[in-house]
Amino acid sequence: LPCGYSWYIKELQAGNGYVLNDLEYDFVFDYAGMETPTVEIAVNDGAPIPNELMHGSIKITKTAEDGKVEGIPFKITGVSLTGVPYEGIFETDSKGGIQVPMILAGRYKITEVRNDRTVGYIEPGSQTVEVTHGGTATAKFENILLHGSVKIVKTDEAGNRLNGAVFGLFKIKDIAG
């Protein structure tokens, strides 16, 4: 590096998971004499050059055939682009939504957590999302009711079918909450 000139440094590529710092940091490289084999130069007045972590958000939307969407827990696990592990459990609001702001950019797995509010539904599979800087990763889950059928066969004590009987099917209690 030639002496007696003004120079600047500028970040050309940020580390994985960091926002590129596009500022220029000026410095002067002056001759320090023959007795000084190495000249130390402090850019940014000797302070570290700042790096900003990449953040985004996750939005989860829950729907259900019967409209029951409040209080459904979801577990989010993953690793940020910088290698930081993450795990959190969140519950849906009255509209079936969850908003996770300011999560580090990275890859995350979203899984519905089984509880008393999810009884009677087909369990939805997990979803994986990519959180990007300034972006919102979305995942949609639907609760589909388990459906079955009932077949009633009336017989006498000998096991013979008795035709013509009529039965009603009545709901006693909503076990799904």
Side-chain angles (χ1 to χ4, degrees), residues 1-64 67-118 121 123-144 177:
L1 197 61
C3 295
Y5 291 96
S6 293
W7 300 87
Y8 70 89
I9 64 166
K10 182 177 180 176
E11 186 173 63
L12 299 178
Q13 180 177 335
N16 203 18
Y18 289 91
V19 177
L20 182 67
N21 179 339
D22 61 355
L23 296 177
E24 296 176 356
Y25 297 91
D26 297 336
F27 67 95
V28 175
F29 184 46
D30 286 328
Y31 179 68
M34 292 299 290
E35 295 79 32
T36 308
T38 304
V39 176
E40 290 189 27
I41 299 171
V43 296
N44 197 28
D45 295 324
I49 294 175
N51 283 162
E52 177 188 345
L53 288 165
M54 292 180 170
H55 290 89
S57 63
I58 295 176
K59 180 180 179 183
I60 301 170
T61 304
K62 181 70 174 174
T63 59
K68 296 178 182 178
V69 295
E70 185 174 5
I72 309 296
F74 284 86
K75 183 176 185 178
I76 301 174
T77 58
V79 178
S80 74
L81 294 176
T82 57
V84 176
Y86 180 86
E87 182 174 315
I89 295 180
F90 304 88
E91 282 194 1
T92 54
D93 61 21
S94 62
K95 296 179 182 176
I98 295 173
Q99 185 74 31
V100 183
M102 292 298 290
I103 188 167
L104 292 175
R107 188 175 179 88
Y108 299 93
K109 180 179 174 182
I110 304 170
T111 306
E112 184 174 316
V113 178
R114 304 301 286 168
N115 71 4
D116 60 332
R117 293 180 180 261
T118 61
Y121 299 99
E123 185 174 346
S126 296
Q127 295 182 36
T128 300
V129 296
E130 293 283 338
V131 175
T132 59
H133 183 59
T136 300
T138 60
K140 295 181 181 183
F141 292 83
E142 182 180 9
N143 270 358
I144 299 171

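All residue numbers in this chain count up from 1 along the given sequence. Please read these numbers as outputs of a predicted model, since none were measured by experiment.
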Checklist entry - Would you find a donor on one side and an acceptor on the other, under 3.5 Å apart, between the side chain of H55 and the backbone of L104? => result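 Side chain of H55 to backbone of L104, a donor-acceptor pair under 3.5 Å: no, none is there.
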Checklist entry - Just by modelled atom types, is the R117 backbone N or O under 3.5 Å from a matching donor or acceptor in the N115 side chain? => result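 Looks like yes, one N/O pair under 3.5 Å.
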Item to check | Heavy-atom pair of closest approach, residues G17 and L81 | outcome: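 Closest approach of G17 to L81: CA-CB, 3.6 Å.
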So, taking the atom named [atom1] in [X] and the one named [atom2] in [Y], what distance separates them when rounded to the nearest 0.5 Å?
| X | Y | atom1 | atom2 | value |
| --- | --- | --- | --- | --- |
| I9 | N44 | CD1 | CG | 8.0 Å |
| T82 | N16 | OG1 | CG | 8.0 Å |
| E70 | S94 | CD | OG | 5.5 Å |
| Y18 | M54 | OH | CE | 11.0 Å |
| I110 | T138 | CD1 | OG1 | 8.5 Å |
| Y25 | Y8 | OH | OH | 13.5 Å |

So do the side chains of [X] and [Y] get within less than 4.5 Å of each other, counting heavy atoms only?
| X | Y | result |
| --- | --- | --- |
| I76 | I98 | no |
| I58 | Y108 | yes |
| I49 | N21 | yes |
| K10 | L23 | no |

Next on the checklist: Going by salt bridge (charged side-chain N to carboxylate O under 4.0 Å, His left out), name the pairs with one or both residues in residues 84-95, residues two or more places apart or in two chains.
Outcome noted: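 Non-adjacent pairs meeting salt bridge (charged side-chain N to carboxylate O under 4.0 Å, His left out): K75-E87.
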Item to check | E123: salt bridge (Lys or Arg N to Asp or Glu O under 4.0 Å) partners, not counting sequence neighbours | outcome: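 If we apply the salt bridge (Lys or Arg N to Asp or Glu O under 4.0 Å) test to E123, skipping adjacent residues, the hits are R114.
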Checklist entry - Under 30°, 30 to 60°, or over 60°: which ring-plane class applies to F90 and Y86, parallel, tilted or perpendicular? => result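 Geometry flag for Y86 against F90: parallel rings.
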Checklist entry - Can a salt bridge be assigned to the pair E112 and K62 using a cut-off of 4.0 Å between side-chain N and carboxylate O? => result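 Yes, charged N to carboxylate O under 4.0 Å.
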